[in-house]
Amino acid sequence: MSERLPIMYNKKPCYDIVFTQSFRELAGELQGLYGGPEQQGLESRKICIVTDSTVDGLYGGQVQEQLEGICRKVVKYAFPSGEEHKNLDTVKDIYTFLIRENLDRKDLLLALGGGVVGDTTGYVAATYLRGIDFIQVPTTLLAQTDSSIGGKTGVDFDGYKNMVGAFKMPRLVYMNLDTLRTLDDRQFFSGFAEVMKHGLIRDGILYQWLIENMYEICDRDPDVLQEMLLRSCTVKKNVVEKDPTEQGERALLNFGHTIGHAVEKYKNFQLCHGECVALGAVAAAYISWKRDMLSMEEYYEVRDMFVPFRLPISVEDIDPQEILRLTKSDKKMASGQITFVLLKKIGKAVLDRTVTDQEILDAINEIHFSDEDAHA
Ligand code: GLY
């Protein structure tokens, strides 16, 4: 059964997240959004589906079919899959396509895909003609639990992730959870790292629930995944509603990302984002333990809970000093000081600006799998 979670922005209703098991309700949702008496309706609008080559092959046709007939024209733009295409060249190519297809300010974009598609399309929507409406239709667990919610859009620049971007709220986030079936294991569990993050930072009950439902989650039981996403998105909702533009509390969502992004960059994006978040989360939990915020038992539990979800807790072939340097060059620095997210307890994260280079280095060494570990 479909469920819905409304998201507020500046204390006003802004958009809904719809959790469904197919694309069949998408047309009705859009008609509901644009069909009110004071609105112009969809008949006069064009919709441009923006997707990538992989998702296009899987769902592009189905989604296009759902939308044909409810609006003036449906067009589709697919760019090659992969993080390396999340850049300003792709943005420029999409602008060119939209101009060629004569999309104007009342037309809409529909982002069909994972985080790369959602973030890039959102940035185009924020800037094309100074802003047009966009709909998020996330098809990966990472996008469904995290990147499609909260209005962060943008692209990578010069090797830095999400360096150029804008806050732009979607008009609707439509999730067909059946799309999770076609994800390969690595992509699925990479997204799961962000779900685990939500439990760790804000919801100890969600964290316990994830452990109790481990087998069903790994088997991708549809009802369990829907409940998991509803719970996980509720954590994200509560954080972004209070601090939509990351003036403070929203930075808690960066738990695991400070060292995680550095590893991701060091490994030249060969590891999945969620794998790096898991490594970064272990490192942050380690610092929390060393500061007596978590007990030793809690630290080892947090660390080991990533393993059954096929996420790494250590990484080979890294240079800890270089990871430290990359950590410090990440954009999460403010006035030369890194804002770290630590765990006060499971289910409660705090921001901390006092973490020293030595603490970071010790944490990087903790997640560094070296030959000595192998022979121990
Ligand atoms: N993915 C982190 C945030 O939305 O703030």
Side-chain angles (χ1 to χ4, degrees), residues 5 7-10 14-15 17 83 86 111 113-123 125-126 134 136 138-157 160-170 173 175 187 190-203 206 228-229 231-265 269 272-281 284 311 327 330-334 338-343 349-351:
L5 193 62
I7 305 287
M8 314 280 280
Y9 180 58
N10 290 337
C14 186
Y15 57 95
I17 307 174
E83 180 80 25
K86 186 177 162 181
V116 170
V117 168
D119 286 7
T120 308
T121 309
Y123 184 63
F134 91 113
Q136 288 272 23
T139 58
T140 63
L141 183 52
L142 188 124
Q144 291 175 351
T145 198
D146 187 26
S147 61
S148 66
I149 307 159
K152 273 190 183 176
T153 72
V155 291
D156 304 337
F157 186 80
Y160 291 94
K161 274 183 76 90
N162 304 323
M163 203 61 193
V164 177
F167 285 99
K168 167 81 179 168
M169 300 302 148
V173 180
M175 298 182 189
Q187 288 300 329
S190 168
F192 181 81
E194 301 281 4
V195 179
M196 190 70 122
K197 177 193 83 179
H198 286 157
L200 286 170
I201 64 166
R202 276 292 282 261
D203 189 347
L206 168 59
M228 178 184 88
L229 274 159
R231 285 170 178 253
S232 177
C233 292
T234 302
V235 172
K236 177 119 193 199
K237 164 189 163 76
N238 291 334
V239 175
V240 299
E241 283 184 347
K242 273 205 196 141
D243 178 20
T245 54
E246 201 167 312
Q247 302 304 306
E249 186 179 340
R250 184 165 179 169
L252 294 177
L253 295 171
N254 296 332
F255 176 69
H257 287 61
T258 318
I259 291 177
H261 271 170
V263 174
E264 203 172 356
K265 186 159 187 225
F269 300 96
C272 294
H273 176 69
E275 293 170 343
C276 296
V277 169
L279 291 164
L311 287 161
T327 301
D330 193 80
K331 71 179 187 313
K332 288 172 191 63
M333 291 261 283
I338 296 177
T339 304
F340 234 93
V341 189
L342 300 178
L343 291 180
V350 288
L351 301 178

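When a ligand or atom number is given, it counts from 1 through the structure's own listing order.
The residue among Leu253, Ile149, Val240, Asp146 with a heavy atom at the shortest distance from atom 1 (N) of ligand 1 is Asp146.
Taking the charged nitrogens against the carboxylate oxygens, Glu83 and Lys161 do have a contact shorter than 4.0 Å, which makes a salt bridge. Under 4.0 Å is where a charged nitrogen must lie from a carboxylate oxygen, and between Arg231 and Asp203 no such pair does.
Taking each heavy atom of Thr245 and Phe167 in turn, the nearest pair found is CA-CZ, 3.6 Å. Nearest heavy atom pair, residue Ser148 against residue Pro170, reads O-CG, 4.1 Å.
Of the protein's non-hydrogen atoms, Arg250 NE, 2.7 Å is the one closest to atom 5 (O) of ligand 1.
Residue Lys236 touches ligand 1 through its side chain alone, judged by heavy-atom distances below 4.0 Å.
For the pair Lys152 and ligand 1, the shortest N or O to N or O distance falls below 3.5 Å.
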